[in-house]
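Notes for the one structure printed next.
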Amino acid sequence: MLQAEVLKTLASPRRLEIIHRLSQGPCEVRRLAEDLGASQPNISQHLAVLRSTGLVDAERDGREVRYRLTDPDVVVACGLMRSVLQRRLARLGRLSAMDETHAELVEIQ
């Protein structure tokens, strides 16, 4: 159940952007919004979801709240999934090329 909850949280492209930005180090909402070209309320909503699943922590620094990854291995996990998807796309590309070659051969005959 926990794994499904985390994977559901990571299913958002914006949350993945936040994860990758936080892999560079802790950051405030304002700076995250600037870096990602999004509104502060939107980033805050996504951070709340990431916090609820334990992927990020927040620490107050004066008036600012700085967010950080709770475990940098979440970026490793995202990288593994990206590799799986790249291999899948390569296989689909090869299959598509084979289909095109087969279609050309059929037309010639």
Side-chain angles (χ1 to χ4, degrees):
M1 296 271 295
L2 289 173
Q3 183 180 12
E5 210 44 49
V6 168
L7 291 174
K8 187 168 62 172
T9 298
L10 293 175
S12 162
R14 179 63 76 192
R15 288 187 206 120
L16 288 172
E17 285 182 313
I18 292 169
I19 293 283
H20 285 285
R21 172 54 188 84
L22 291 177
S23 71
Q24 299 168 18
C27 194
E28 303 83 15
V29 175
R30 176 191 50 78
R31 179 63 187 237
L32 280 168
E34 288 173 8
D35 289 353
L36 301 178
S39 69
Q40 284 187 10
N42 181 262
I43 295 297
S44 291
Q45 289 173 349
H46 286 293
L47 285 167
V49 173
L50 290 165
R51 282 183 75 185
S52 72
T53 54
L55 294 173
V56 301
D57 275 338
E59 56 187 42
R60 186 162 291 283
D61 183 17
R63 291 175 27 117
E64 293 284 338
V65 177
R66 189 168 286 160
Y67 291 86
R68 66 174 185 80
L69 293 179
T70 56
D71 188 337
D73 278 348
V74 71
V75 178
V76 174
C78 290
L80 286 171
M81 182 50 69
R82 184 177 292 121
S83 295
V84 167
L85 294 171
Q86 287 171 335
R87 288 190 300 272
R88 179 175 179 236
L89 289 173
R91 279 193 308 274
L92 290 173
R94 286 191 301 274
L95 287 174
S96 177
M98 287 174 38
D99 286 347
E100 288 176 16
T101 302
H102 179 54
E104 289 172 5
L105 291 174
V106 169
E107 286 178 16
I108 294 172
Q109 294 176 358

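Start at 1 with the first residue, then count along the sequence. Just so you know, these numbers use all the heavy atoms, side chains as well, and skip hydrogens, waters and symmetry mates.
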Whichever hydrophobic residues join Leu2 through chains of side-chain contacts under 4.5 Å: none
Closest approach of Val29 to Gln40 (non-hydrogen atoms, all atoms of both residues): CG1-O, 3.8 Å
Shortest non-hydrogen separation from Arg14 to Glu17 and the atoms involved: NH1-OE1, 2.7 Å
Enclosure of Arg21 CZ (heavy-atom neighbours >12, cutoff 6.0 Å): yes
Neighbour count >12 (heavy atoms, 6.0 Å) for atom CD, Gln3: no
Considering all heavy atoms, the nearest Pro72-Leu69 contact: CA-CD1, 4.4 Å
Arg30 and Glu34 ion-paired at < 4.0 Å: yes
Which atom of Gly54 lies closest to which atom of Thr70, heavy atoms considered: O-OG1, 2.6 Å
From CZ (Arg31) to CD (Glu64), nearest 0.5 Å: 11.5 Å
Nearest non-hydrogen partners of Val56 and Leu47, listed with the distance: CG2-O, 4.0 Å
Non-hydrogen atoms of Arg60 and Gly62 that approach each other most closely: CG-O, 3.2 Å
Arg15 side chain vs Thr9 backbone, donor-acceptor pair below 3.5 Å: yes
ILVMFWY network linking Val6 to Leu16, side-chain heavy atoms under 4.5 angstrom: yes
